[in-house]
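Just so it is clear: chains get the letters A, B, ... in the order the sequence lines come, proteins before strands, and each one is counted from 1. None of the values given here were measured: they were computed from a predicted structure.
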There are 2 protein chains.
Amino acid sequence: MNDNSPLPTASAPGRKPTISREDIVAAALKLVGPHRSVSTLSLREVAREAGIAPNSFYRHFRDMDELAVALIDLAGQSLRRLIGEARRRANHDRSVVRSSVEAFMEQLRADDGLLHLLLREGTVGSDAFKRAVDRQLNFFEEELRQDLIYLADINRTGLFEPALTAKAITRLVFALGATAMELSAEKQHELTEQLVLMVRMIVTGTQTMAITGTPDSETRDNRRLELL
Amino acid sequence: MNDNSPLPTASAPGRKPTISREDIVAAALKLVGPHRSVSTLSLREVAREAGIAPNSFYRHFRDMDELAVALIDLAGQSLRRLIGEARRRANHDRSVVRSSVEAFMEQLRADDGLLHLLLREGTVGSDAFKRAVDRQLNFFEEELRQDLIYLADINRTGLFEPALTAKAITRLVFALGATAMELSAEKQHELTEQLVLMVRMIVTGTQTMAITGTPDSETRDNRRLELL
DNA sequence: CACTTGTCTATACAGTTGTCTATTAATACT
DNA sequence: AGTATTAATAGACAACTGTATAGACAAGTG
């Protein structure tokens, strides 16, 4: 799907590249910390960090936006790894919700800068940037959706609008995860506990609504759901 | 609480200001659209828009961060107005959830640029900026919490962890609202419907959990909540 | 009136940014 | 060998940034 690098099979004439896209990406990653956003990165700054002339940047990326998208895709891989990890831990000793949320927060603390991108910069930056983030989030949502269906099945519990449920959980966890980046360890732990309960609310809600059903325009007399 | 403007009572000697903080704020607001973020605004650009010399900016704000905080506070007022509006509409013909979400989305479309700030730039920018956004969000959460308690009371329905519920709803609505800014009208409508259902999930969840209770470390054998 | 005080502007400076135009260096093919 | 092709660089350009300095203007006070 990603044919960014030229085919290495046919040895093209000309000078061998002394630096690769990955090197530039690595340099950019060293610059974006929890306090720097990609949008504040300048081309020259990245080139400086990578130890190349500013103009050499253009050999590998059209502009900074393209670099940003590459970073996002990289963060997406990290995210995919995270999902696998959470899934692996799930059916063991703890609840799925708890272990997933904890895996998420842990990964957030671990690979400094990578996952942060998806959380922080989804709302800012160029359109290409935003679309890239949204794409990664959709991957996440889709995997979560399948997990939810699977779990609801083996638990013999209902599931109201799996896609919507997955989206709600994803966006909530990501939104709150973004605020957690620069929190103290205790505060992070506290936030994790809050997130676990919040996700449980959504899950409980989706299960309950699968039973009671939603009040559509016809059944307006369902007073409880009507008011709240 | 906000004593930014000097006391107008004592007529200070010196030249009368030809421009006010509000004028600069207005100029900045004209610049930040759905595609511009405050962090990309430059001091000179704002001064240019306001029709003053770059240095005159310093008479009113220490730096751009201070302007940004002023913008956030302004957006907070808009938000407070929004809450009142939603509350006023609530006990009428539609459900609280639906009318609130719709009021939110409507306001989002209406006061171009103001509310966007809170949604978009909460994750980016200086620390002062982030703290200002967080403060406004906390106001919102607190009001929502009280509303939830009130509604749960008159509906004779339980409410599990009101503060947490309010936080979950707030963050979810804001996170998804942020993505809605540059969507087509149909897509916005679709998102509104999704949000209504998502919030209903949370509300239903919090009500159900108030009855069944949460599984703490002692009651690990509650299999349904354990797995999901 | 002179005098002080605060507001605003003009000018300038050093720094940074993105990008253009050569020019050099290194590899592969003939 | 020579040559073509590509990578990387150096240097320069115009535009822009934040800010320092100094001076001009207007209002209030004595």
Fill in: d(CD, B:E49; P, D:dT17) in whole Å
13 Å

Fill in: Integer-rounded Å distance: C:dT19 P and A:F61 CZ
15 Å

Worksheet entry | NZ/NE/NH1/NH2 to OD/OE distance under 4.0 Å, A:R131 and A:D73 | no

Fill in: Short side-chain N/O contact to D:dT9 OP1/OP2 from A:S56, under 4.0 Å
yes

Worksheet item: Does the pair B:R36 and B:T40 meet the rule for a side-chain hydrogen bond (donor to acceptor under 3.5 Å, both in side chains), with working shown?
Response: CA-CA 7 Å; B:R36 276 301 287 284; B:T40 69; 2.9 Å; yes

Item to complete: Rounded off to whole Å, could you give me the CE-to-P distance for the B:M64 and D:dG18 pair?
Response: 7 Å

Worksheet entry | d(CG, B:D63; P, D:dA20) in whole Å | 12 Å

Fill in: Lys/Arg-Asp/Glu bridge criterion (N-O < 4.0 Å) met for A:D23, A:K30
no

Worksheet entry | Atom pair distance, as rounded to whole Å: CD1 in B:I52 and C1' in D:dG18 | 14 Å

Fill in: Polar pair under 3.5 Å, donor/acceptor by atom type, side chain A:R15, base D:dT6
no

Practice prompt. Output yes when A:E193 and A:R98 qualify as a salt bridge under the 4.0 Å nitrogen-oxygen rule, no when they do not.
Written response: yes

Item to complete: Answer yes or no: is there a donor N or O on one side and an acceptor on the other, between the side chain of B:T179 and the main chain of B:L176, under 3.5 Å?
Response: yes

Item to complete: Find the distance A:F57:CZ to C:dT17:P and express it as a whole number of Å.
Response: 13 Å

Worksheet item: When the distance from CZ of B:R59 to P of D:dT19 is rounded to whole Å, what number comes out?
Response: 14 Å

Worksheet item: How close do B:A180 and B:M105 get, heavy atom to heavy atom, and via which atoms?
Response: CB-CE, 3.8 Å

Response to the item:
In terms of heavy-atom contacts, B:T206 and B:F160 come closest through OG1-O, 2.8 Å

Practice prompt. Go along nucleotides 11-16 of chain C 5' to 3' and tag each nucleotide: B for a protein heavy atom under 4.0 Å from its base, S when only backbone or sugar atoms are that close, - otherwise.
Written response: -B----

Worksheet item: Does a nitrogen or oxygen in the side chain of B:H60 sit under 4.0 Å from OP1 or OP2 of C:dT7?
Response: no

Response to the item:
Closest to the 5' end of DNA chain C, once A:Y58 and B:K16 are matched to their nearest nucleotides, is B:K16

Response to the item:
Atom CG of B:L31 and atom C1' of D:dC16 are separated, to the nearest Å, by 15 Å

